[in-house]
A.B. asks: 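First, the structure itself, so that you have it in front of you.
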Amino acid sequence: MTGIMSLLTEGFSSFLFGRPETQRLPVRTSTGQAQAVYLPTAAPGLGDSGVIIGREVYSGKGYVYDPFQLYGQQLPAPHWLVLGESGNGKSALEKTYVLRQLRFRDRQVVVLDAQGEDGVGEWNHIAEALGIKPVRLDPTDAGSDGVRLNPLDPAITSTGQLALLRTIIEVAMGRPLEERAGYALKAAHVHVVRTVTDRQPILPDVVDALRNPTKESADLLSLDLADVRIWGLDVALVLDRLVDGDLKNMFEGPTTTGIDLDAPLIIFDLSHIDRNSIAMPILMAIVGVWLEHTWIRPDRVKRIFLVEEAWHIINSPFVAQLFQRLLKFGRRLGLSFVAVVHHLSDVVDGAAAKEAAAILKMASTRTIYMQKAEEARATGKVLGLPRWAVEIIPTLTPGIAVWDVNGNVQVVKHLITDTERPMVYTDRAMTEDALEERVRAEAALAGDPAV
């Protein structure tokens, strides 16, 4: 009853005097004081466990990233794609990331260093600072110091050897291997594995078996021996390039002893290889399969496989298929594959578009540095980036990138310490002061008490 009377009284008062309005006096204040009224908001970060990359541009928060910490929770796969024009900070990011990962005891890194200057790879400064000797593959080095990787290394399974031989031939020929040639190769490989038992089988053994097939290989399918020899002729000619042609001195002998696969950092220096020749994808295929069988082990060590000029892998259907298997297999054993590419168009419009799409799908982390507007739009479409991120990519300055970690998109400024700076910048035009700084940094890493 009381409630009804209150409503009637309020209604009558409003009818006579109008509805009362609250009046607020104006407030004069500064922007600095008023910002407490409208608190800033920022997207959540990736947590505080892992490697610090730098600072989020909009919030100012530290940006921490580690695929091994995020895998299974925020990341469906630990693989990472880095894109961007030259001179915008990709190389510096890779190097500091590796140096910071190596601070953890259960980390191990392999780098395929495909760039360099002054006769050494781009990672040479870091190798010197850490006391590491790069594994330098050079087709012009025929001396005793030359490093060789054997596609028929007994550490690689027989099935893996045959798949690798097929890939080498298909990359060199630029087309799939025909069934008849494939049979000749398989028969030659079986013969070599069965008969060469007192040493490592090597490529010249396969070439000889192709040129001189056994009667057993012909009888197996009721073939003429001359036919089997003809089927294997083109294959023998391709492999001969690796044995006695322009690609020799890298693959035709037993695997060089002394490559320390337990070192925290292993650098394959490929800077002496012509980046535009077929040697590069062949070399990457051999290194990838060799590492798959000799390096990746179920020992709880978290491994990072970083590949410069990765378009040599992604743009070749045959090499990409090998790496797809490696990525799927390595994911279960703690492998993070880092692919560094200048332009996404280098791979998505190439001959291996299907394989490239599959590898890109596995890369749940994407870092995009400055690109031109047209390239940025194409990249955004392929990677599914939000519109605002696509629009700012052409405006990014060196050292700042868009990070997309499984849909968590941030703009991040990469930060480099004074100790890291002289090791990550390798321009030959470095000043004398920078060189002196590098010497001091290397001495500090070595624990020199005088520094």
Side-chain angles (χ1 to χ4, degrees), residues 65 67-68 70-72 75-84 90 93-94 97 109-114 160 163-164 166-168 170-171 174 176 268 270 275 278 280-293 295-296 303-369 371 375 378-385 401-407:
Y65 170 78
F68 305 111
L70 299 173
Y71 177 53
L75 277 182
H79 308 307
W80 178 17
L81 175 69
V82 183
L83 293 166
K90 296 193 309 295
L93 172 66
E94 301 154 27
Y97 175 74
V109 183
V110 163
V111 175
L112 298 193
D113 183 5
L164 182 53
R166 288 185 64 101
T167 299
I168 291 171
E170 289 172 336
V171 170
F268 286 89
L270 315 182
R275 282 182 280 176
I278 64 167
M280 189 64 78
I282 288 175
L283 181 59
M284 288 190 171
I286 293 176
V287 172
V289 173
W290 187 75
L291 288 173
E292 176 186 348
H293 289 84
W295 180 55
I296 301 175
R303 291 180 167 88
I304 299 168
F305 187 15
L306 189 150
V307 181
E308 302 263 15
E309 300 285 338
W311 65 272
H312 290 291
I313 291 173
I314 305 176
N315 205 33
S316 168
F318 317 111
V319 181
Q321 288 168 9
L322 285 179
F323 270 80
Q324 278 182 259
R325 188 186 72 246
L326 172 63
L327 268 57
K328 291 178 180 177
F329 172 75
R331 189 165 53 182
R332 300 194 302 269
L333 295 177
L335 174 70
S336 173
F337 176 65
V338 184
V340 184
V341 180
H342 288 291
H343 307 289
L344 202 57
S345 58
D346 290 341
V347 294
V348 298
D349 297 331
K354 181 180 178 181
E355 291 79 4
I359 290 180
L360 291 176
K361 188 176 180 180
M362 292 183 189
S364 300
T365 301
R366 298 88 168 263
T367 300
I368 304 97
Y369 282 88
Q371 294 180 330
E375 182 76 21
T379 298
K381 183 177 181 180
V382 172
L383 300 183
L385 297 175
V402 170
W403 281 68
D404 176 9
V405 182
N406 196 34

A.B. asks: Verify whether one side chain among T367 and W80 offers a donor that lies under 3.5 Å from an acceptor in the other.
C.D. replies: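 Short answer, yes.
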A.B. asks: Less than 4.5 Å apart, any side-chain heavy atom of L112 and any of L283?
C.D. replies: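 They are not in side-chain contact.
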A.B. asks: How far does CD of Q371 sit from NE2 of H342, to the nearest 0.5 angstrom?
C.D. replies: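 Answer rounded to 0.5 Å: 11.5 Å.
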A.B. asks: Does any donor atom in the side chain of T365 or Y65 lie under 3.5 Å from an acceptor atom in the other side chain?
C.D. replies: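 The answer is yes; a qualifying pair exists.
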A.B. asks: Set out, in order, the CA-CA distance, both residues' side-chain angles and the distance that settles side-chain contact (heavy atoms from CB on, under 4.5 Å) for L335 and F305, then state yes or no.
C.D. replies: CA-CA 7 Å; L335 174 70; F305 187 15; 3.9 Å; yes
A.B. asks: Are any of the side-chain heavy atoms of L291 and I296 separated by less than 4.5 Å?
C.D. replies: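 Counting from C-beta outward, L291 and I296 never come under 4.5 Å.
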A.B. asks: What's the shortest heavy-atom distance between T167 and A285, and which atoms?
C.D. replies: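 Taking every non-hydrogen atom into account, CG2-CB, 4.1 Å.
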A.B. asks: Taking all non-hydrogen atoms of both residues, which atom of G288 and which atom of L326 are closest, and how far apart?
C.D. replies: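 So the two residues come closest at O-CD2, 4.2 Å.
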A.B. asks: For the OG atom of S316 and the CD atom of E170, what is their distance to the nearest 0.5 Å?
C.D. replies: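 Separation between the atoms: 9.0 Å.
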A.B. asks: Decide yes or no for E94 and L306: does some side-chain heavy atom of the first lie under 4.5 Å from some side-chain heavy atom of the second?
C.D. replies: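 E94 vs L306: side chains touch.
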A.B. asks: Between G174 and F318, what is the shortest heavy-atom contact and its length?
C.D. replies: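 G174 and F318 have their closest heavy atoms at C-CE1, 4.4 Å.
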A.B. asks: What closest approach, in Å, do L75 and P67 show between heavy atoms, and which atom pair accounts for it?
C.D. replies: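 Between these two residues, the closest heavy atoms are CD1-CA, 3.9 Å.
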A.B. asks: If you measure from CD on E292 to CG on L327, what distance do you get to the nearest 0.5 Å?
C.D. replies: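 E292 atom CD to L327 atom CG measures 10.0 Å (nearest 0.5 Å).
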A.B. asks: Report yes or no: does R366 contribute a side-chain atom to a donor-acceptor pair with the main-chain N or O of V405 at less than 3.5 Å?
C.D. replies: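 Such a contact is absent between R366 side chain and V405 backbone.
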A.B. asks: Do the side chains of V82 and I368 get nearer than 4.5 Å, heavy atoms only?
C.D. replies: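 Contact flag for I368/V82 side chains = no.
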A.B. asks: Check whether any side-chain heavy atom of E309 lies under 4.5 Å from a side-chain heavy atom of V340, and answer yes or no.
C.D. replies: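 No, every pair of side-chain atoms sits at 4.5 Å or beyond.
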A.B. asks: Within the structure provided, determine whether H79 and V338 are in side-chain contact (heavy-atom separation under 4.5 Å).
C.D. replies: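 Counting from C-beta outward, H79 and V338 never come under 4.5 Å.
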A.B. asks: So do the side chains of V111 and V307 get within less than 4.5 Å of each other, counting heavy atoms only?
C.D. replies: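 No. Closest side-chain heavy atoms not under 4.5 Å.
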A.B. asks: Would you give the length of the straight line joining atom OG1 of T379 to atom CG of L344, rounded to the nearest 0.5 angstrom?
C.D. replies: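 If I round to the nearest 0.5 Å, the distance is 5.0 Å.
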A.B. asks: Backbone N or O of I304 within a donor-acceptor pair of the S336 side chain at under 3.5 Å?
C.D. replies: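 Not at all, since once roles are kept as given, no pair shorter than 3.5 Å links the two residues.
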A.B. asks: Nearest 0.5 Å, what's the CD-CG distance between E375 and L83?
C.D. replies: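 E375 CD to L83 CG: 8.0 Å, rounded to 0.5 Å.
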A.B. asks: Tell me the closest heavy-atom pair linking M280 and A114, and the distance in Å.
C.D. replies: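 Between these two residues, the closest heavy atoms are CE-CB, 4.2 Å.
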A.B. asks: List the atom of L322, the atom of A163, and the distance in Å for their closest heavy-atom pair.
C.D. replies: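 Closest approach of L322 to A163, heavy atoms only: CD2-CB, 4.5 Å.
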A.B. asks: Think R303 forms a cation-pi with W295, using NZ or CZ under 6.0 Å from the six-ring centre and within 45 degrees of its axis?
C.D. replies: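 So R303 does make the cation-pi contact.
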A.B. asks: For the pair K90 (side chain) and G84 (backbone), establish whether a donor and an acceptor sit closer than 3.5 Å, ignoring hydrogens and angles.
C.D. replies: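 Yes; at least one donor-acceptor contact below 3.5 Å.
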A.B. asks: Quick one, L81 and I359 - any side-chain contact, counting heavy atoms below 4.5 Å?
C.D. replies: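 L81 vs I359: side chains apart.
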A.B. asks: Over 60° means perpendicular and under 30° means parallel, so tell me whether F323 and F337 are parallel, tilted or perpendicular.
C.D. replies: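 Tilted: the ring planes of F323 and F337 meet at 30° to 60°.
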